[in-house]
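Everything numeric in this text was worked out from a predicted model, so none of it was measured. All residue numbers in this chain count up from 1 along the given sequence. Start at 1 and go down the list; that is how both ligands and their atoms are numbered.
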Amino acid sequence: MSSDYIAVFDSGVGGVSVLRELIRLMPDERYLYFGDSANAPYGTKTTDEVRRLTFAAAEYLFSRGCKALVVACNTATAAAIRELRAAHPDRIIIGIEPALKVAADHFPGGEIGVMATPVTLREEKFDTLMHRFTDSCTVHKIPAPGLAELIERGETDGEAIEALLRPLLSPYAGKLDALVLGCTHYPFAAAAIQRLLGENTALLDGGAGTARQTKRRLEAEGLLSDGPGELIIENSAGSKEMILLCQRLLRT
Ligand code: DGL
């Protein structure tokens, strides 16, 4: 494979919410999307395990040849991006983190929820991020174990999703200015999340910001492509269903 691909990696199908923003912003690029659904979810594993899986996926994608790696997974970014960059100082490696800054900028003094996986919310990286904004707003951590698993099964709305989300979100109904979707799977369940929180809560995610950051880095290195665009989707589960699910989610 030629090295002008942008590799995009997630624990499973969630990174497609970042991929769609990348394609929207840079349609002429060639993308290789790799979802590690065989090992998903990452968000309830130990940090060491997430780090090991992230390194394995990154080494695989580097071996395929790529000009940049987008870690389209908040959990893998929280657990491993620093180590990954230290191990590959010459590589362009972009991560994603919960869009708390965007929320704090839009709602100074506001009530802001951050829904993410247990790993993301317990990592030091998130605490450091959160403490930059706790003077200017109130931040509520909302771990959502189980939600990424449902989305991996193709469930993005309906009874199972609502049953999982209701106990997590009903205490916040009508009370949040913004909810940051700090896991790349969660934007696919946005309709149910919005219903439970009410129309006055803004839902924010880091997909578009990550795409802009990727473009800036490629531009700075003179590595933007002028086409034609291409997309290859691979999944460690090795099943046709996961590829079809990615394609379906990409169209939403
Ligand atoms: N999509 C991942 C994230 O952004 C996590 C899902 C999982 O638990 O594997 O955090």
Side-chain angles (χ1 to χ4, degrees), residues 7-22 33-58 61 69-82 84 93-100 102-103 113-127 129-130 141-156 161 164-165 168 179-190 193 203-211 213-214 233-237 242 245-246 249-250 252:
V8 183
F9 157 66
D10 178 48
S11 63
V13 302
V16 171
S17 66
V18 180
L19 177 67
R20 68 183 173 185
E21 299 297 338
L22 286 161
Y33 181 87
F34 176 68
D36 191 14
S37 293
N39 294 302
Y42 282 14
T44 46
K45 290 183 164 52
T46 65
T47 302
D48 279 352
E49 186 68 352
V50 175
R51 208 169 278 155
R52 187 184 68 73
L53 291 167
T54 303
F55 265 78
L61 289 165
L69 171 66
V70 179
V71 180
C73 176
N74 293 264
T75 306
T77 300
I81 198 107
R82 208 180 40 197
L84 203 54
I93 302 174
I94 318 287
I96 186 166
E97 64 179 12
L100 192 50
V102 181
V114 181
M115 192 161 77
T117 68
V119 170
T120 299
L121 293 177
R122 74 161 186 249
E123 280 300 313
E124 195 192 317
K125 198 171 189 308
F126 181 73
D127 262 347
L129 174 72
M130 192 173 97
K141 288 187 184 187
I142 311 175
L147 182 54
E149 287 93 315
L150 280 180
I151 295 166
E152 282 288 300
R153 294 208 291 271
E155 304 225 24
T156 51
I161 288 276
L164 186 137
L165 287 176
L168 295 178
L179 179 72
V180 174
L181 304 177
C183 166
T184 54
H185 283 69
Y186 301 170
F188 297 117
I193 292 169
L203 301 188
L204 303 169
D205 72 77
T210 302
Q213 170 68 358
T214 305
I233 299 178
E234 294 185 2
N235 192 289
S236 60
M242 295 315 284
L245 177 57
C246 286
L249 294 174
L250 193 57
T252 60

Return a yes/no value for [X]: is any of its N or O atoms, backbone included, closer than 3.5 angstrom to an N or O of ligand 1?
X: T44; value: no
X: T120; value: no
X: T117; value: no

Which residue holds the protein heavy atom closest to [atom], what is that atom called, and what is the gap in Å?
atom: atom 2 (C) of ligand 1; answer: C73 SG, 3.3 Å
atom: atom 8 (O) of ligand 1; answer: G43 N, 2.8 Å
atom: atom 1 (N) of ligand 1; answer: H185 ND1, 2.7 Å
atom: atom 10 (O) of ligand 1; answer: T75 OG1, 2.6 Å

With no hydrogens and no angle check, is any side-chain donor or acceptor of [X] less than 3.5 Å from a backbone partner on [Y]?
X: N74; Y: G182; result: yes
X: T75; Y: G43; result: no
X: E152; Y: E149; result: no
X: E97; Y: A78; result: no
X: K45; Y: N39; result: yes
X: T77; Y: I96; result: yes

*In terms of heavy-atom contacts, does CZ of R122 have more than 12 from other residues, nucleotides or ligands at under 6.0 Å?*
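Atom CZ in R122 is packed in, count exceeds 12.
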
List ligand 1 atoms under 4.0 Å from [X], heavy atoms only on the residue side.
X: Y42; value: 7 (C), 8 (O), 9 (O)
X: P41; value: 7 (C), 8 (O), 9 (O)
X: D10; value: 1 (N), 2 (C)

*Pick one of side chain, backbone, both or neither for how A148 approaches ligand 1, counting any non-hydrogen atom pair under 4.0 Å.*
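Just the side chain.
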
_For D36 and Y42: C-alpha separation, side-chain torsions, deciding distance, then whether side chain to side chain contact (heavy atoms under 4.5 Å, CB included) applies._
CA-CA 9 Å; D36 191 14; Y42 282 14; 2.5 Å; yes

